[in-house]
J.: 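Following this message is one structure expressed as structure tokens.
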Amino acid sequence: MEKRAYKERIIYQIYPLSFKDSNNDGYGDLKGIIQKLDYLKELGVGMIWLSPIYNSPMKDNGYDISDYYKINPLFGTMEDFDTLLEETKKRDIKIVMDLVVNHTSDQHPWFQEALKNKDSKYRDYYYFRKGNGKKPPNNWNSAFSGYCWEKVPNEDNMYYLHLFTKEQPDLNYHNEEVIKEVENILKFYLDKGVAGFRCDVISQIYKTSLENGKFSLFSRGREHYENQEGAFKILERFRREVLDKYDDVFLVGETSSLTPKIGQEFIDRRALDMFFEFDHAFCKSFKLVPIFKKPVYKAKLLFKPIFKWQKEVSWIGAYLENHDQLRSVSRFGDEKKFFKESAKALSLFLLSLKGTIFIYQGQEIGTLNYKNLTYEETDDCMAKNATETAMKMLHVSKRRAFKWVNDTVNRDHARAPFQWDDSINGGFNEGHQTWIKINDNYKNINVKNEVNDKNSILNFYKKMIHFRNHSDTLKYGSFEEIKSNSYVAKFLRRTNDETLLIVANLSNKQIKDKKLDETKEILVSNYDKHENKVLKPFEAIIYKIK
């Protein structure tokens, strides 16, 4: 297998708003990230993926971009970004940018000019269409609920398309000029020395048609814009015209409505180097009748979809949490009885998988979901829209609607300020009110507490990252699932020189396993002592098979 930097290194995602506030204004910033680079180096990560830092009105926390060539003043300046590149290079850490080009902000000069002047060339940078009588041009849904068409002010029966919020109008990739604009953005940051791009909702960039979608409550229209041939061709062009002119750079795609066959096609055609799948991200089972039943997690619901993708595609972005999802220990672990054990088991499980490993900020210390977040304290536009939509459609109270949304999709759980120590605001800043509330558990769960505890989650992450960084078998070995029961994940990672057996009990139950014995060499375990033929609750082990 070809050796590439993105296959060799672990990628750490930073959500800049919440990582480290260097100037005590309540918002994380680039200088704060620079202050913590030694921490990341010691952790062992080799790349940093930055969620968007471009100029933005922040209607969707930076995923609505008004200028791709300027840094949001909340985060600093372009000079600060250049300094970050210099400082990461000194530490042999690479930077990955978040490329958000399915849409722009409605405050972007292109869109503003398109609104002001019907005859402007920028009108064709977006999808402006006449309504269908008194209705929008088609019946598509927005991902953030409601129709994805917004009326144009002061124009009779004219709408523009937005697959997300109304402040995020979609770009028109049928327009050659739009493609060239994106190529210029890629070149600008590659010339600065970034290692690649995480491509936001990249599978949706090409709309083959604007016909009505098949009936669906939440995703009408997807068959016209998900994983279309036009998207493949545009990404292939980016590769041919831009990426191939730089050394060892890559694209990872945020993709949806994906099958392994389509995912592998993205790789085989070099449209993407890897992608994220979302089957396991929604692996909790819950009933819609009666509505708002709390989701129930079962171990097999996590590793069954992950194993499907491990077996059926050649490379993948492997992860358990990110800025859009609930915290992994809160979802898949046991916060109360087996907090440390479950966090470590999930660490060993993730870091033993095939593909490029992505760790989200705070995951390495076992950061949990908020306990008592209210609707009023919520910042996430998607969570608020979903709450209000549920209230209207199902005629339930705001309290009931928000409780279900908060338990399942509220992205703010992953966006709380990073917990560095037990001082005010968890050391995120020096006491200024934070843009979103600090998690109440920061005095117990923080870096300072864990650094000096040899049995901490943080130190186990360091151990596992070090092990993977020095293991060609985990980085490049084949993947083979071994059938087990519904609580235990069991698989082999194999090269010509070595075979590793990974066993992880991802439940709070003790499991008997007659095939586990003391003749196998234990290389890593999250328990100090292992009982023969028994897996303790959330016990995870890497064996070397002779």
Side-chain angles (χ1 to χ4, degrees), residues 1-9 11 13 47 49 63 96-103 143 163 170-171 173-174 178-179 182-183 185-186 189-190 194-208 219 221-246 248-282 305-319 322 324 353-358 475-476 478-479:
M1 183 177 288
E2 181 188 12
K3 293 197 173 186
R4 298 280 300 279
Y6 71 84
K7 294 182 177 181
E8 297 274 339
R9 297 170 181 243
I11 301 179
Q13 183 192 356
M47 292 190 186
W49 155 25
Y63 285 88
V96 179
M97 299 293 284
D98 213 318
L99 185 72
V100 187
V101 291
N102 173 71
H103 48 261
L163 292 183
D170 279 51
L171 287 166
Y173 278 86
H174 292 267
V178 169
I179 298 173
V182 176
E183 288 176 340
I185 294 166
L186 291 168
Y189 287 99
L190 289 170
V194 306
F197 300 88
R198 176 266 187 186
C199 305
D200 186 65
V201 294
I202 200 66
S203 59
Q204 301 180 6
I205 62 172
Y206 192 85
K207 286 70 174 174
T208 299
S219 58
R222 283 185 178 272
E223 68 271 24
H224 299 296
Y225 61 78
E226 281 280 17
N227 305 308
Q228 303 294 297
E229 175 62 19
F232 281 93
K233 289 183 176 179
I234 289 165
L235 288 168
E236 287 174 317
R237 171 172 166 172
F238 290 163
R239 176 80 59 183
R240 183 176 62 252
E241 299 296 327
V242 182
L243 272 76
D244 279 348
K245 294 177 171 56
Y246 296 83
D248 202 11
V249 297
F250 71 96
L251 296 179
V252 52
E254 181 191 28
T255 50
S256 54
S257 301
L258 208 62
T259 64
K261 182 179 179 181
I262 296 173
Q264 188 60 48
E265 185 178 359
F266 272 114
I267 295 173
D268 290 342
R269 292 174 62 169
R270 297 181 71 235
L272 297 169
D273 294 285
M274 57 180 153
F275 54 86
F276 298 123
E277 57 82 17
F278 293 97
D279 290 352
H280 76 279
F282 304 105
I306 288 179
F307 285 177
K308 177 186 77 173
W309 289 93
Q310 289 281 300
K311 290 183 289 186
E312 296 186 29
V313 298
S314 59
W315 202 261
I316 197 164
Y319 71 99
N322 60 34
D324 280 338
L353 294 174
K354 181 181 75 177
T356 299
I357 305 300
F358 287 77
K475 285 186 284 190
Y476 290 107
S478 62
F479 177 93

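Below, all heavy atoms of this structure are taken into account, side chains as well, without hydrogens, waters or symmetry copies. Since the model is a prediction, treat every value here as computed from it, not as a measurement.
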J.: Can you tell me how far CD of E236 sits from CZ of R269, rounded to the nearest 0.5 angstrom?
T.: 4.0 Å

J.: For Q310, is there any backbone N or O sitting under 3.5 Å from a side-chain donor or acceptor partner on K354?
T.: yes

J.: On the ring face of W315, is K7 found with NZ or CZ under 6.0 Å from the centre and within 45° of the axis?
T.: yes

J.: Mind checking what makes side chain to side chain contact (heavy atoms under 4.5 Å, CB included) contact with A318, not counting sequence neighbours?
T.: L350, L353, I357

J.: Say you draw a straight line from NZ of K233 to CD1 of I179; how long is it, rounded to the nearest 0.5 Å?
T.: 11.5 Å

J.: Run the salt bridge (charged side-chain N to carboxylate O under 4.0 Å, His left out) test against E254 and tell me which residues pass, sequence neighbours left out.
T.: R198

J.: Under a 3.5 Å threshold, yes or no: a donor from one side chain and an acceptor from the other, between N102 and D170?
T.: yes

J.: Taking the six-membered ring for Trp and the full ring for Phe, Tyr or His, determine whether the centres of Y206 and H224 are under 6.0 Å apart.
T.: no

J.: For residues V96 and Y6, determine if any side-chain heavy atom of one lies less than 4.5 Å from a side-chain heavy atom of the other.
T.: no

J.: State, yes or no, whether a side-chain contact exists between T356 and M274 at a heavy-atom distance under 4.5 Å.
T.: yes

J.: With sequence neighbours excluded, tell me which residues meet salt bridge (charged side-chain N to carboxylate O under 4.0 Å, His left out) with K245.
T.: none

J.: Does any donor atom in the side chain of E277 or T255 lie under 3.5 Å from an acceptor atom in the other side chain?
T.: no

J.: Test L99 against I185 for side chain to side chain contact (heavy atoms under 4.5 Å, CB included), laying out the working first.
T.: CA-CA 9 Å; L99 185 72; I185 294 166; 4.2 Å; yes

J.: Between L163 and H103, does a side chain to side chain contact (heavy atoms under 4.5 Å, CB included) hold up when you go through it step by step?
T.: CA-CA 8 Å; L163 292 183; H103 48 261; over 6 Å; no

J.: Does the side chain of I205 reach to within under 4.5 Å of the side chain of I202, using non-hydrogen atoms?
T.: yes

J.: Just do the side chain to side chain contact (heavy atoms under 4.5 Å, CB included) check on Y189 and F197 with the steps written out, would you?
T.: CA-CA 9 Å; Y189 287 99; F197 300 88; 4.0 Å; yes

J.: I want to check something: taking the side chain as every heavy atom from C-beta on, are K311 and F479 in contact at a cut-off of under 4.5 Å?
T.: yes

J.: Working to the nearest 0.5 Å, report the span between CD of E183 and CZ of R240.
T.: 9.0 Å

J.: Could you check whether any side-chain N or O of H174 sits under 3.5 Å from a backbone N or O of K207, counting only pairs where one atom can act as donor and the other as acceptor?
T.: yes

J.: Excluding sequence neighbours, so at least two apart, what forms salt bridge (charged side-chain N to carboxylate O under 4.0 Å, His left out) with E312?
T.: none

J.: Tell me every residue that passes side chain to side chain contact (heavy atoms under 4.5 Å, CB included) with S478, counting only those two or more places apart in sequence or in another chain.
T.: R494

J.: Looking at every non-hydrogen atom in both residues, tell me the closest pair between R239 and D273 and how far apart they are.
T.: NH2-OD2, 2.9 Å

J.: Holding to side-chain hydrogen bond (donor to acceptor under 3.5 Å, both in side chains), I want the full list of residues that pass it with S219, two or more places apart in sequence or in another chain.
T.: S216

J.: Evaluate the side-chain proximity of F238 to L186: yes if any heavy-atom separation is below 4.5 Å, no if none is.
T.: yes

J.: Partners of Y173 by ring pair (Phe, Tyr, Trp, His ring centres under 6.0 Å), sequence neighbours excluded?
T.: none

J.: Apply ring-ring contact (aromatic ring centres under 6.0 Å, His included) to residues F276 and F358 and explain how you reach the verdict.
T.: CA-CA 10 Å; F276 298 123; F358 287 77; 4.8 Å; yes

J.: With a 4.5 Å cut-off on side-chain heavy atoms, are Q13 and Y319 touching?
T.: no

J.: With sequence neighbours excluded, what pairs up with F232 under the ring pair (Phe, Tyr, Trp, His ring centres under 6.0 Å) test?
T.: F266

J.: More than 12 foreign heavy atoms under 6.0 Å from NZ of K308: is that the case here?
T.: yes

J.: Using the test side chain to side chain contact (heavy atoms under 4.5 Å, CB included), find all partners of E226 that sit at least two apart in sequence or belong to another chain.
T.: S203, Q204, R222, S256, S257

J.: Applying side chain to side chain contact (heavy atoms under 4.5 Å, CB included), run through L235 and R270 and close with a yes or a no.
T.: CA-CA 8 Å; L235 288 168; R270 297 181 71 235; over 6 Å; no

J.: Could you list the residues that satisfy salt bridge (charged side-chain N to carboxylate O under 4.0 Å, His left out) with E241, not counting sequence neighbours?
T.: none

J.: Any idea which heavy atoms bring A271 and L251 closest together, and the distance?
T.: O-CD1, 3.8 Å

J.: List in chain and number order the residues that pass ring pair (Phe, Tyr, Trp, His ring centres under 6.0 Å) with Y63, two or more places apart in sequence or in another chain; answer none if no residue qualifies.
T.: H323

J.: Can you check whether E8 reaches K475 side chain to side chain, under 4.5 Å on heavy atoms?
T.: yes

J.: Do V249 and L190 make a side-chain contact, defined as non-hydrogen atoms from C-beta onward lying under 4.5 Å apart?
T.: yes

J.: Suppose we screen for ring pair (Phe, Tyr, Trp, His ring centres under 6.0 Å). Which residues come up paired with F275, at least two apart in sequence or across chains?
T.: W309

